[in-house]
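First comes the structure, then the notes that go with it.
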Amino acid sequence: MKYKDTLNLGKTAFPMRGSLPKTEPERQQKWYDADLYNQRLAQNEKKPHFNLHDGPPYANGNIHLGHALNKISKDIIVRYKNMSGYYAPYVPGWDTHGLPIEQQLTKAGHDRKSMPKSEWRDLAKQFALEQVNKQRNDFKRLGIMADWDNPYITLQPEFEAAQVRVFGEMAGKGYIFKGSKPVYWSWSSESALAEAEIEYHDIDSTSLYYANKVKDGKGILDSDTYFVVWTTTPFTVTASRGITLGPDMDYAVIQPEGETRKFVVATGRLDVIASKFGWENYKTLATYKGQDLDRITAFHPWDESAEEMVMNADHVTLDSGTGLVHTAPGFGEDDFNVGQKYGLEVAVTVDEKGFMTASAGTDFEGEFYDDVVDLVIEKLSNKNLFLAKEKITHSYPFDWRTKKPIIWRAVPQWFASVDKFRQSILNDLDNVTFYPEWGKKRLYNMIRDRGDWVISRQRVWGVPLPIFYAEDQTPILDQTIINHVADLFEKYGSNYWFEHEAKDLLPADYTNEHSPNGLFKKEEDIMDVWFDSGSSWAGVMNTRKQLDYPADLYLEGSDQYRGWFNSSLITSVAVTGHAPYKNVLSQGFTLDGKGNKMSKSLGNTISPLDVANQMGIEILRLWTISVDTSQDMPVSNEILKQVSESYRKLRNTLRFLMANTSDFNYQTDAVTYAERAAHDQYFSVLLNNFIKDVRSAYDNYQFNDVFKRVINFVNVDLSAFYLDIAKDVVYVEAPTGHARRSMQTVFYETLLALTKLLLPVLPHTAEEVWEYLPNETTDFAYLSDMPEVQDLGDTTQLLETWEKFMIMRNSVNKALEEARASELIGKNAEAALTLYLTDEQQTLVSELNANIRMLLMVSQLHLESTTSDNSIKDYDGFKIVVSRAAGGVSPRDRMFHEDLGADPAFPELSKHEAEIIREFYPEAVSEGLE
RNA sequence: GGGCCUGUAGCUCAGUUGGUUAGAGCACUGUGUUGAUAACGCAGGGGUCACAGGUUCGAGUCCUGUCAGGCCCA
């Protein structure tokens, strides 16, 4: 018989390497085959609910790292909650309407104008659903446990119906109104364009400098004073209604030599302007801040029915022009915004084809907008207001399809009046908890400063605005009618709107005093897609019976303060008076290894599927908790490599625990806490605190705290200490003896706790471990519950004592290392230690009440009283002498013993070992050992 | 230009209400083992806390500015 056969070396088939790219998909298939998602929920049916509401990704394109981070984070939370006493469903969603999908159709060669709208919408729907399927498969590869068979999709009839009802509620409360607002307008395609449909080219334009005569100087400016303004779009002078100044910028009133008129120009532009206009000498009569001149008025250059208001806004710069900006609210976004603040008219003097309308004046009517420069100059010159013209080259927006220039032009739009319930929104934010805390401030500022919400889009692929027009063009916004439309959508889908006439969309007997002939028209615009996803609290949380409103948690990237967090909040407060979420968790963005934005053009992106296929999705999942997700997170191959090292450490540690508990049955062999050896009790306490800390980190969504605690526990407490000293027990001691069983009990509890605590992050690995735990009865680890914190009484004293021991151990290690360096010993087993202890240190030793020789992993230990002998080296307060161990080496435990051969049958073994052999391997007495 | 956020060892993170020589894990170097072995132990080196001012007896920690980076606006 061999010595080795009398040892209890660990045994397990659990592979050291995970082969994750290969095994993960197989394991996921098992989950889906077993319908694990619903199994877990069924088990939790009577528990309190925890609702994480999924923000819908846009159904277009491949999933990227941001998607992965988002879904993995949600999966971690949902899995944790389901294993911690909650019923936590996870209904994934997709955002499917909107322009990008229309653009994909165009790219694919479809022409929107060559087919009926309903047909175009069918194509869009088909495309969107294909994208959903593709993304769904990719999300499943990430190991996400969700209701993949029943997602919510914003194009689903029940979702659209709920959304329209939200709109109806808001209309019923008077929050919806019609106005107009500038948009990118392509006269060449007679259509509004989105930012994405525009490309920029350099063009030459004629810019004009002209003067506006003061009308009401408010006692500050004389009536012979003129504001000098500059414009690069002369046609907009016809719709000019204001002059915008920088509130903190300086303006001078000057009088050039030989001039009777006075001019207002920004001080910072005076030199440039004077030379441009040939003002050789001028005197400065006064200077003002922009804000001093607020609300002074001037005459429109020629239109007597209009006037120009002096306003202040921050967008004014001194880069060009005069520091005074001619402002036409119908033809520019800045102009519109500042105009709204001052209540200016939104004049639009160009029609949809780019021709001037009657409102521009009879001289202009019918002229093409780009051909009126000379006419404008003539009109200005007639009034002696023209100052100069100048050719400029600048970047200008073009229609990407027709390659013609575009203009800003106000068109009728539907608005949601945020102003009417802004204060309720702001107040209700106090009832929401934000992770991180600054999220509240960020959302608060945005809501506080935002304007009304433009909810209409001049597009086709979206939910129609359920509004009708009477014969005299009066819009009909009636909640009852809107709900009637919602009912139709619920039955037939929103394409019904495009397939039917207005009369078929209205209740059968509907009449309206504005339509004496019973004729009606329907609105052609659709809703902003943010209204779609912003209604999901109604379309999903309120609609599905296993979910509740408000949600416990919304979790998205920090860009969603402007997006989904924002739009959901607005619609929810508008309808119910409350936020749709109790908690909001926002995450940063993934950056490359240098901290820069990831982008395809820079070629620094990392695909989550590539990581899954090359390293395993477990690595990316582990990465997710290794970083502080509340901030931006760098990712690189180097970083992922480091994470995979951590994964290997975790995996190996689990493997070691499994190998050394493979002959252990917790039900029959476990040793109670009170009966455990001192070091096992100590480690039990460490484990218990570890469970408490990790659970608390999960509860607070502090993922990287989970990571840090796990890694430290595994490396420091387990690997470097407990598992290291353990080998001399679990390998060497009697297989069923108390010392070994005591330790195996703790091993098993540790293994089980680690496996469960890691499951939300590493579900594949946890399930793999589970297959090696025959005593655990559930089919899947995911059907088990999180380890509970035990009441072990007051452990403060115990921990303090052992912390002191760890300091002592540290000193001993240093002493041993020196002995090794001087070649006195090789391994620790060759050493005998002599410790010269102070009174305090002796107390520590007696309090430990443990086998200290074993804990220090040396063959022999001698404890002496402290000495004044200065030749004995002090290691951080401990006087230690290392010498060679006495006696001989046992080939079995490889330690030095002075009692080898005490049992004549076993001349090479110590007495203690011989006893073990006689009891557990009696055949060795006759066979002998070698 | 505005709102919000970030910048501590090669990497990922801790650093409490400002208080002694700034910590951890990984990586690295050396070394021991070869009964966790494409593993494990031990020891060690490594930081002008982005930069510059300021407040204070004292600042990684508070204030101001600069630089770099991110999200959202303009």
Side-chain angles (χ1 to χ4, degrees), chain A residues 3-4 7-12 14 16-17 66 246 313-317 319 333-334 337 436 438-446 448-451 557-563 565-566 586-598 622-623 625-628 630-636 638-646 648-649 651-660 704-705 707-716 718-721 723-728 730-732 809-810 812-821 823 825-830 857 892-894:
Chain A
Y3 286 114
K4 201 168 177 173
L7 292 168
N8 321 296
L9 298 181
K11 272 197 201 98
T12 180
F14 185 87
M16 217 161 170
R17 298 163 72 204
D314 289 325
H315 66 264
V316 179
T317 68
D319 300 341
E333 190 158 44
D334 282 338
N337 289 333
W438 52 255
K440 175 180 286 191
K441 192 168 31 170
R442 185 164 175 181
L443 192 49
Y444 186 98
N445 288 349
M446 275 181 185
R448 183 192 60 198
D449 297 335
R450 73 163 293 157
S558 60
D559 55 337
Q560 299 305 323
Y561 285 105
R562 167 56 68 183
F565 296 155
N566 201 299
S586 77
Q587 301 189 319
F589 275 65
T590 53
L591 309 173
D592 72 8
K594 290 175 189 148
N596 289 313
K597 185 190 178 80
M598 278 193 173
L622 192 56
W623 169 82
I625 69 157
S626 78
V627 291
D628 179 358
S630 73
Q631 303 175 26
D632 294 337
M633 299 143 277
V635 202
S636 65
E638 190 203 346
I639 291 169
L640 289 173
K641 189 163 171 282
Q642 182 187 322
V643 173
S644 71
E645 291 296 328
S646 297
R648 289 170 69 177
K649 181 70 184 185
R651 187 175 173 92
N652 252 302
T653 304
L654 291 167
R655 180 170 179 269
F656 185 86
L657 289 169
M658 271 180 268
N660 287 290
N704 68 327
D705 201 31
F707 181 79
K708 192 179 65 188
R709 288 180 187 284
V710 168
I711 294 297
N712 270 296
F713 179 75
V714 165
N715 279 296
V716 180
L718 260 182
S719 192
F721 172 64
L723 299 187
D724 210 31
I725 64 159
K727 291 171 217 172
D728 287 334
V730 291
Y731 291 170
V732 173
R809 178 173 176 267
N810 215 31
V812 167
N813 278 336
K814 280 182 192 166
L816 288 167
E817 196 57 25
E818 275 185 21
R820 202 170 356 257
E823 298 185 351
I825 58 166
K827 54 181 173 176
N828 283 10
E830 291 167 23
M857 299 193 296
R892 183 173 172 276
D893 72 3
R894 293 177 177 171

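A, B, ... follow the sequence lines: proteins, then strands. Residue 1 opens every chain.
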key: Span that lies between the C1' atom of B:C13 and that of B:C71, in whole angstrom   = 22 Å

inquiry  = Considering every strand and a 4.0 Å limit on heavy-atom distances, what is the contact class for A:Leu591: base, sugar-phosphate, or nothing?
reply    = sugar-phosphate

note = Rounded to whole Å, the CG-C1' distance (A:Asp705 to B:U12) equals 14 Å

Residues A:Lys727, A:Asp724: salt bridge by 4.0 Å N-O rule = yes

ask   = Would one find a side-chain N or O of A:Asn810 under 4.0 angstrom from OP1 or OP2 of B:C42?
value = no

inquiry  = Let's see if you can work this out: which of B:C72, B:U12, B:A36 has an atom nearest to the side-chain heavy atoms of A:Thr653?
reply    = B:A36

Beyond-backbone contact of A:Phe721 with A:Val716, side-chain heavy atoms, under 4.5 angstrom = no

query = Is A:Arg892 touching bases, backbone alone, or none of the nucleic acid, heavy atoms closer than 4.0 Å?
reply = base

task = Assign A:Pro436 to base, sugar-phosphate, or nothing according to its heavy-atom contacts below 4.0 angstrom with the strands shown.
result = nothing

request  = Whole angstrom is fine here: how far is it from CD in A:Glu818 over to P in B:G32?
outcome  = 16 Å

task = Under 4.0 Å between any heavy atoms, over every strand shown, what does A:Ala659 touch: base, sugar-phosphate, or nothing? Just pick one.
result = nothing

note = A:Asn8 CG to B:A36 P, in whole Å, measures 13 Å

task = Calculate, to the nearest 0.5 Å, the distance between atoms CE and CG belonging to A:Met16 and A:Asn652 respectively.
result = 4.0 Å

message = Check this one for me: any side-chain N or O of A:Thr12 less than 4.0 Å away from OP1 or OP2 of B:A36?
response = no

inquiry  = Expressed as a whole number of angstroms, how long is the span from A:Leu9:CG to B:A39:P?
reply    = 19 Å

ask   = A:Arg648 side chain to A:Arg17 main-chain N or O, any donor-acceptor pair under 3.5 Å?
value = no

query = In terms of the nearest nucleotide of RNA chain B, which residue is placed more toward the 5' end: A:Gln631 or A:Gly826?
reply = A:Gln631

Short side-chain N/O contact to B:U34 OP1/OP2 from A:Lys827, under 4.0 Å = yes

task = From the options B:C72, B:A43, B:G35, select the nucleotide whose nearest atom is closest to the side chain of A:Tyr731.
result = B:G35

note = Taking B:U12, B:A36, B:G70 as options, the one with an atom nearest any side-chain atom of A:Asn596 is B:G70

key: Distance, P atom - from B:G32 to B:A14, rounded to whole angstrom   = 38 Å

Nearest-nucleotide pick for A:Asn445, side chain only, options being B:C4, B:G41, B:C42 = B:C4

ask   = Under 4.0 Å between a side-chain N or O of A:Arg562 and OP1 or OP2 of B:G2?
value = no

ask   = For the pair made of NZ in A:Lys597 and P in B:G69, what is the distance, rounded to whole Å?
value = 13 Å

query = Could you run down nucleotides 20-29 of chain B 5' to 3' and tag each one B, S or - for protein heavy-atom contact under 4.0 Å?
reply = ----SBSS--

ask   = Between B:G35 and A:Arg894, is there an OP1 or OP2 to side-chain N/O distance shorter than 4.0 Å?
value = yes

inquiry  = Of the listed nucleotides (B:C72, B:C4, B:G35), which one gets closest to any side-chain atom of A:Trp438?
reply    = B:C4

request  = Any chance you could measure A:Asp559, atom CG, to A:Gln587, atom CD, to the nearest 0.5 Å?
outcome  = 11.0 Å

request  = Ignoring hydrogens and angles, answer whether the base of B:C71 and the side-chain atoms of A:Arg442 contain a donor-acceptor pair closer than 3.5 Å.
outcome  = yes

inquiry  = Using atom C1' in both nucleotides, what's the gap between B:A38 and B:G46 to the nearest angstrom?
reply    = 28 Å

task = Run the numbers on A:Ser586 and A:Arg442 for side chain to side chain contact (heavy atoms under 4.5 Å, CB included), then give the verdict.
result = CA-CA 11 Å; A:Ser586 77; A:Arg442 185 164 175 181; over 6 Å; no

request  = Using Watson-Crick or G-U wobble geometry with both distances below 3.5 Å, tell me the partner of B:U33, or none.
outcome  = none

request  = Please determine if a side-chain N or O atom of A:Tyr561 lies less than 4.0 Å away from the OP1 or OP2 oxygen of B:C5.
outcome  = no

ask   = P atom, B:G45 versus B:G1: distance in rounded Å?
value = 47 Å

ask   = So does A:Lys441 get a side-chain nitrogen or oxygen closer than 4.0 Å to the phosphate oxygens (OP1/OP2) of B:C5?
value = yes

Protein-nucleotide distance (A:Asp592, atom CG; B:C11, atom P), rounded to Å = 13 Å

task = Go ahead and name the base partner of B:C28; Watson-Crick or wobble counts if both distances stay under 3.5 Å, otherwise write none.
result = B:G44

query = Looking for any heavy atom pair under 4.0 Å, which part of the strands does A:Lys4 touch: base, sugar-phosphate only, or nothing?
reply = base

ask   = Any Lys/Arg nitrogen of A:Glu830 or A:Lys827 sitting under 4.0 Å from an Asp/Glu carboxylate oxygen of the other?
value = no

message = What's the gap between B:G60 and B:U21 when it is taken at their C1' atoms, as a whole Å value?
response = 15 Å

request  = Would you indicate whether the side-chain heavy atoms of A:Val730 and A:Asn8 approach each other to under 4.5 Å?
outcome  = no

inquiry  = What is the distance, to the nearest angstrom, from the CZ atom on A:Phe656 to the P atom on B:U37?
reply    = 9 Å

key: Rounded distance in Å between the P positions of B:G15 and B:C73   = 32 Å

Any A:Arg648 side-chain N or O less than 4.0 Å from OP1/OP2 of B:A39 = yes

query = Which whole number of Å gives the distance between the C1' atom of B:A9 and that of B:U48?
reply = 13 Å

ask   = Atom CG in A:Asn813, atom CE in A:Met857: separation rounded to 0.5 Å?
value = 7.0 Å

query = Does any nucleotide pair with B:C67 by Watson-Crick or G-U wobble geometry, both distances under 3.5 Å, and what is it?
reply = B:G7

request  = Name the nucleic acid region contacted by A:Gly10, choosing base, sugar-phosphate or nothing; use a 4.0 angstrom heavy-atom cut-off, strictly under.
outcome  = nothing

ask   = What is the distance, rounded to the nearest whole Å, between atom CG of A:Asn813 and atom C1' of B:C42?
value = 6 Å

A:Val732 backbone acceptor or donor facing A:Arg892 side chain under 3.5 Å = yes

task = Would you state whether a donor and an acceptor, one from the side chain of A:Glu830 and one from the base of B:G32, lie under 3.5 Å apart?
result = no

inquiry  = Between B:G23 and B:G44, how many Å separate the two P atoms, rounded to a whole number?
reply    = 13 Å

message = What's A:Ser719 touching, base or sugar-phosphate or nothing? Going by heavy atoms closer than 4.0 Å.
response = base

